[in-house]
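The next block holds one structure in the form of structure tokens; read it before the comments.
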Amino acid sequence: MDVRGTVADDVEVRSVSTSYGESDLAEVRLVTDDGPAGEDDRPVEAHEPITVTLWNKWTESAELLEPGMELLVTDAEIDEYQGETRYKTTGDSYVVVEPSFLVNVTAIRNWTECPRLYYLNKLSGVPLNYPVVKGTLVHEVFGDLLRGRELEESIDARVEERGLQLGLLGEDPESVAEDVRQNASAIEGWLEQGRLTEEDRAATAADNSERAFSPAKSSWRSEQLLISETFGIRGRADAIRRGAPVELKTGKNLKKEPRFKDKVQAACYALLLEEHGGDVDTGTLLYTKNSALDRNEETGDLTPAKEFSMGAGLLKYVVRLRNEIAAAEVAGDVPTGYEGNAKCEYCFEQDTCMVVSGRLDQESKAGQIGQPLPAEEREFFERFSHAIEEERREVHREYAKLWEQSPKERADDDRALIDLEFAEKRPLEEGRWELRARRTSGANSKIREGDLVLASDGHPVRGQSELARIERLDEDEVVLTADEPVEVTRLDVYPSELTTDRLLVALHDTLLKGSERRKDVLFGRAEPEFDEPEETFIGNNAAQDEAVRKAVGARDCALIHGPPGTGKTYTIARAIRAMVERGERVLLSAFTNRAVDNALEALLEQLEGVIEEDRIVRVGSESGVREDMAPYRLERAGDPEERLAELENAQVVAATTATCGSRIMKEQSFDAALVDEAAQLTEPGTFAAINLAERFVLVGDHEQLPPVVRAENELTESLFERLVELHPEAGVMLDRQYRMNQRIQAFASREFYDGKLRPAEPEVAARTLDDLEGVSRDDLPAEFRDPVAFVDVEGDDERYTDSLEAARIAELIAAYEAAGVDPADVGVIAPFRAQVSEISRHVPEGVAVDTVDRFQGSSKEVIIVSFTATGTLEGPIFEDYRRINVALTRPKRALVLVGDSGALSSDPVYGRMLEWARR
DNA sequence: GCTCTGCTGAGAGGA
């Protein structure tokens with residue numbers, strides 16, 4: 001039986017004498033959900049701790065335990081000891097520390113070599129280099145071969161796909177193809193001569209009508225993503241042959257035995273396969289740099305392939321390694337290198353290791369070089385790296401939900417589409433598959449076109465599942481592409497650690513590689529300096545002009561505070577134009593693709609006739625970049641020299657901050673980086689962009705919504721907000737707004753901007769619905785003729801919806817329509833998604849209904865706000881006043897607040913809002 | 001106890 005629970009007390013390891021001799025044991029007290037299960041399954045009071053004895057080698061994992069950690073013991077046995085029911089490990093047991101923390105196979109592989117290597121890899125990433133790119137190419141070709149693709153065609157296509165990367169590395173496609181061909185022919189030879197058994201051949205022959213190696217009919221399967229909920233491991237196996245893992249290596253190995261870390265890697269996949277019903281005792285490692293000439297004298301093997309047996313001991317060892325990683329991550333420990341028996345003198349990362357240890361004053365087996373960073377910088381690093389790791393934990397919890405939540409819970413959480421009916425699979429030319437499934441309900445989810453998802457035949461972890469890309473998603477059908485033909489009936493959001501990985505690297509780069517001057521400014525040790533440009537950039541708006549002057553004249557940084565409707569996008573575009581005219585190379589960035597494209601759109605207008613269009617480049621994925629910006633998008637595939645030239649020739653590059661952390665962007669440098677919507681970015685997120693430039697300009701509004709983070713910590717404050725406080729003299733506030741009628745603007749200005757926000761022009765101050773064609777306010781009920789109105793609705797006492805408010809809003813929209821307002825000019829904002837869908841059911845098509853968060857950045861002629869609160873205003877959503885600021889500053893000409901006046905007046909800020917609306 | 005976007009991604013190898 002499996003025993004699972006939370007560690008209750010400190011754990012001690014001791015030795016006892018048994019009939020087998022001296023043995024180690026650790027007694028672990030665990031709090032389980034359901035208490036001890038007796039032999040007769042009698043119900044026992046919950047939360048009563050039970051005792052599990054971990055024997056022998058498992059005491060190594062026991063040493064890692066701390067109270068509060070989760071522990072799983074598989075195949076435990078009941079152990080009656082002095083009248084108490086206890087549990088103990090058996091010969092078949094595995095002990096898993098924090099099983100919900102999914103450790104990557106590569107992480108385990110690195111950790112075996114040296115725990116510090118694992119840490120450094122995470123901290124500073126792997127820069128673009130040829131051996132790695134070549135290794136990746138060889139793997140891709142291997143996968144293609146297994147899927148039946150022709151060798152030369154595969155090589156050409158795969159090399160072509162990496163055009164930009166190869167360009168950055170200065171490689172030419174022919175010599176790369178030749179390199180890859182050498183390794184690939186070793187694979188091909190092995191597949192054909194040696195190891196394609198009769199069994200494989202039979203399966204393949206029976207499969208003549210389709211392609212060779214189709215996994216449904218043959219014993220091969222390529223690149224399978226595997227997740228183990230028991231062992232807390234995930235990874236992607238290069239190939240599986242008759243149920244056993246095959247790992248491909250691009251390097252050479254003439255020794256008889258595979259390298260230990262490679263064995264460990266294969267053993268990880270064996271564990272993963274075991275959980276999926278396999279029983280694996282051998283693994284194969286393919287060292288593709290070995291040629292047939294290197295035939296092993298002893299074994300007579302064709303040396304590319306080395307088979308080895310995997311005993312239970314190796315598998316358990318791998319689980320113990322994995323436990324070390326999980327425990328270190330949960331405790332927030334930094335590895336020193338002493339944990340393993342690594343030999344620093346052979347290590348490629350020795351220098352990096354010593355520098356990092358020296359700069360961050362970390363204990364390290366390799367030793368330290370250089371001066372430690374100032375204490376405040378080390379403290380900053382620790383706080384933020386900790387916060388990023390907390391964020392990573394949250395991503396891991398998302399993984400755990402794949403098996404902890406029922407399909408229905410997943411669907412209700414918008415994390416899965418569970419109602420699919422498999423329709424069709426179609427082989428694609430490049431060996432992949434196109435899969436189609438019908439949607440049987442209109443359920444919504446956060447899954448969108450272009451996303452990478454887990455496509456499964458029922459369960460994303462326990463069933464057949466495959467990483468697939470959504471090619472098309474409409475109301476009644478979904479089209480996917482995947483490596484294998486899964487009969488898909490369910491799609492799950494695939495949680496990605498990519499953003500957290502990049503945040504950590506950006507933090508590292510800023511502190512360990514950033515210039516001293518930059519850090520002096522970031523830490524308040526120096527004041528930002530400015531040159532005074534002579535010209536006037538914007539004649540009719542003093543604050544905007546000042547903002548451009550600061551941006552252009554900044555030697556370090558400038559901060560532009562842009563409240564709603566103040567033309568910050570225009571200001572950025574104008575500033576970039578001035579920089580471009582001075583011959584500077586500029587990076588334009590923001591957190592979201594939408595914000596990048598909006599800013600780029602305004603910029604294109606400014607740059608018309610200033611530089612050629614091909615000197616403006618948008619870097620990003622095909623699905624991320626808005627359609628009308630696609631012509632500017634940098635294609636990754638193609639001729640290396642051409643792709644490189646396109647990027648290097650670009651004087652303006654636009655990309656999200658996440659993309660700024662990509663290997664391609666990290667090779668680029670700029671004179672200035674302009675970051676829009678900077679108040680919605682975490683500090684390390686902002687670093688990813690500004691690390692690439694000499695100076696930076698942040699544009700945003702910290703009175704609107706803060707960064708979206710999963711864990712509550714320092715990541716919720718933006719660098720923008722911190723610098724505005726630290727260096728007020730580097731900032732300019734745009735104080736003239738071009739959006740709202742004066743009456744609408746009054747409350748937000750007073751409450752959030754010290755009364756400094758004013759209409760830019762009399763026309764703006766006086767705008768009303770009467771200005772719109774065919775609209776007359778006289779046709780509206782009297783109480784809605786004022787630009788701001790309040791409708792008191794008592795509410796239906798539901799928590800996240802309010803049908804009474806929704807019904808009232810439908811009536812209001814009808815009234816506005818009757819007065820001539822186009823539904824497309826009306827927006828409805830509600831705090832909860834549930835209320836958004838409730839309202840959507842009541843209102844006519846064309847009316848935009850959405851949450852506050854999603855409305856940020858846009859505006860409408862008429863905005864109706866549904867507060868969805870009865871009695872009290874409790875709940876975190878209302879606590880952040882920045883949310884009402886966003887909601888109230890979306891309309892241009894009319895604003896209607898709908899809510900329970902009793903609830904609203906229970907909070908001082910909402911109370912003042914009520915007074916203003918009712919005046 | 002609610003709001004939310006990024007990202008091909010996991011693993012590529014060097015002695």
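Bear in mind that the values here come from a model prediction, so they are computed numbers and not experimental data. Naming: A, B, ... by sequence-line order, numbering from 1 per chain.
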### Task
Inspect the contact between A:E390 and A:R393 and indicate whether a charged nitrogen and a carboxylate oxygen are less than 4.0 angstrom apart.
no

What is the nucleic acid contact for [X], judged by heavy atoms within less than 4.0 Å: base, sugar-phosphate only, or nothing?
X      : answer
A:F832 : sugar-phosphate
A:T499 : base
A:E349 : base
A:T851 : sugar-phosphate
A:K249 : sugar-phosphate
A:R833 : sugar-phosphate
A:P707 : nothing
A:K343 : nothing
A:R109 : nothing
A:T657 : nothing
A:V133 : nothing

### Message
Closer than 3.5 angstrom, by distance alone: can the side chain of A:R469 be matched with the main-chain N or O of A:G450 as a donor-acceptor pair?
### Response
yes

Output the rounded distance in Å from [atom1] ([X]) to [atom2] ([N]).
X      : N      : atom1 : atom2 : value
A:Y881 : B:dT3  : OH    : P     : 19 Å
A:D853 : B:dT3  : CG    : C1'   : 4 Å
A:L137 : B:dG11 : CG    : C1'   : 13 Å
A:D880 : B:dC2  : CG    : P     : 16 Å

### Query
In this structure, are over 12 heavy atoms from other groups packed under 6.0 Å from A:E622 atom CD?
no

### Summary
Among B:dC7, B:dA12, B:dT8, the one nearest any side-chain atom of A:L452 is B:dT8

### Task
For A:N598 and A:R626, test the side chains for any donor-to-acceptor distance below 3.5 angstrom and give the result as yes or no.
yes

### Query
Would A:Y881 and A:D907 count as having a side-chain donor-acceptor pair, cut-off 3.5 Å?
yes

### Task
Ignoring backbone atoms, establish whether A:T659 has a side-chain N or O less than 4.0 Å from OP1 or OP2 of B:dG6.
no

